[in-house]
Amino acid sequence: MTKMFDLTGKVAIVTGGNGGIGLGMAQGLAQAGAAVAVVGRNAAKNQAAVDGLKKLGGKAIAIEADVTDEAACRKLVADTVEALGRLDILVNNAGMNIRKQPQDYTLKEWQEVMRTNLDSAFMMSQAAYPHMKKAGGGKIICIGSMTTIFGAPFVAPYSASKGAIVQMARSMATAWAKDNIQVNAVLPGFIDTDLTKGARRDVPGLSDKVVARTPAGRWGVPPDLAGTAVYLASAASDF
Ligand code: NDP
């Protein structure tokens, strides 16, 4: 049974793996035996995450990159394969939000959210595909949101990006199943991270509302996503 979730010898890239949900997922993957490349723009945060992952016993490397840049996406995938030998798992987790009423966004702000949350996942998946195909298969995990399904007054571009990323994942899943690449999307509930600290600051009463509407009666924490990542990165989810 445990073999089904074993990631020994596998190599993962986690975009936004230096904090929040990405770090929770990276820790799960490392605990299951994967070597992890942590991608983020903040070099100090990347290094701290890598130091922590190494303490879990795994190999880990830090890659300072902005995933809204296509050339950077291609380079970081190539650098990971060069440093760690292969690529089996990609977690498209990097994301951000700008909270405003729809009428108040500039086009630049709309595009910043879409580029960070959606375009990056497309570019990273494209860059990863030939390496996974070569390895005989792979796993791509995209991060949606409750706003994939529901709307809210302050998330027009965010919810658009999170709706789209799930449809992109479904399309890639059908295209790449023949290559033994499984593409899935996770739609987390409310998780306590830097992103949602900002939301609690901007949206009065949000914290209490989340607790009231969450059956578990609490905010999620990043380690809550570790098992989900291991399942979707392992042989347990091959079909
Ligand atoms: P955090 O703000 O804690 O983490 C965001 C991560 O993304 C950071 O590691 C950040 O690193 C990285 N990142 C952002 N922009 C870029 C960029 N341009 N290039 C490279 N890395 C980037 O957020 P969360 O952990 O909360 O969110 C992670 C994902 O989960 C996001 O996609 C988010 O939309 C989604 N999500 C979050 C939920 C929640 O309740 N927290 C619920 C549902 C979905 P750095 O700044 O160093 O670049």
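Start at 1 and go down the list; that is how both ligands and their atoms are numbered. Just so we're clear, the structure is a prediction, and the values are computed from it rather than from any experiment. The first residue in the sequence is number 1, and the count goes up from there.
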Peer 1: Which of the listed options, Met96, Arg41, Met124, Met25, holds the heavy atom that is closest to atom 14 (C) of ligand 1?
Peer 2: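 The residue whose heavy atom sits nearest atom 14 (C) of ligand 1 is Arg41.
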
Peer 1: Taking distance alone, with N or O pairs closer than 3.5 Å, would you say Asn93 contacts ligand 1?
Peer 2: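 Yes - when backbone and side-chain N and O of Asn93 are compared with those of ligand 1, one distance drops under 3.5 Å.
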
Peer 1: Which one holds for Lys162 and ligand 1: side chain close, backbone close, both close, or neither close, with close meaning a heavy atom under 4.0 Å?
Peer 2: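 It is the side chain that touches ligand 1; the backbone stays farther off.
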
Peer 1: Would you name the heavy atoms of Gly138 and Met132 that are closest together and state the gap between them?
Peer 2: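 Heavy atoms only, the tightest pair is CA-SD, 3.9 Å.
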
Peer 1: With backbone taken as N, CA, C and O and side chain as the heavy atoms from C-beta onward, which portion of Thr116 lies under 4.0 Å from ligand 1: side chain, backbone, both, or neither?
Peer 2: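 Side chain only; the backbone of Thr116 stays clear of ligand 1.
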
Peer 1: Is there at least one pair of N or O atoms, one from Thr193 and one from ligand 1, spaced under 3.5 Å apart?
Peer 2: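 For ligand 1, there is an N or O atom that lies under 3.5 Å from one belonging to Thr193.
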
Peer 1: Looking only at heavy atoms, is any part of Leu195 under 4.0 Å from ligand 1, and if so is it the side chain, the backbone, or both, or is it neither?
Peer 2: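 Both backbone and side chain.
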
Peer 1: Is Met146 in polar range of ligand 1, meaning some N or O pair under 3.5 Å apart?
Peer 2: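 Not met; the criterion fails.
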
Peer 1: Could you tell me whether Asn18 and ligand 1 have an N or O pair separated by under 3.5 Å?
Peer 2: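 In this structure, Asn18 places an N or O atom under 3.5 Å from an N or O of ligand 1.
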
Peer 1: Counting only heavy atoms closer than 4.0 Å, does ligand 1 sit against the backbone of Pro222, its side chain, both, or neither?
Peer 2: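 Pro222 to ligand 1: no contact under 4.0 Å from either part.
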
Peer 1: Which residue is it: Leu7, Asp6, Ile89? I am looking for the one with a side-chain contact (heavy atoms from CB on, under 4.5 Å) to Ser234.
Peer 2: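 The passing option is Leu7.
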
Peer 1: When only distance counts, is Val39 in polar contact with ligand 1, meaning an N/O pair under 3.5 Å?
Peer 2: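 Checking ligand 1 against Val39, no N or O pair falls under 3.5 Å apart.
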
Peer 1: Is any N or O atom of Val67, backbone or side chain, closer than 3.5 Å to an N or O atom of ligand 1?
Peer 2: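 Yes; the residue has a nitrogen or oxygen that sits under 3.5 Å from a nitrogen or oxygen of the ligand.
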
Peer 1: Measure the distances from the heavy atoms of Ala199 to every atom of ligand 1 and state whether one is below 4.0 angstrom.
Peer 2: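 The answer is no, since Ala199 has no heavy atom less than 4.0 Å from ligand 1.
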
Peer 1: Do Tyr158 and ligand 1 have an N or O pair less than 3.5 Å apart?
Peer 2: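 In this structure, Tyr158 places an N or O atom under 3.5 Å from an N or O of ligand 1.
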
Peer 1: Is there a donor-acceptor pair under 3.5 Å between the side chain of Ser161 and the backbone N or O of Leu118?
Peer 2: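 No, Ser161 side chain to Leu118 backbone: no donor-acceptor pair under 3.5 Å.
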
Peer 1: Which residue from Pro188, Ala26, Cys73 reaches closest to atom 43 (C) of ligand 1 through any of its heavy atoms?
Peer 2: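 Among Pro188, Ala26, Cys73, the closest heavy atom to atom 43 (C) of ligand 1 belongs to Pro188.
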
Peer 1: If we set the cut-off at 4.0 Å for heavy atoms, which region of Ile143 has an atom near ligand 1: side chain, backbone, both, or neither?
Peer 2: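 The part of Ile143 near ligand 1 is the side chain, not the backbone.
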
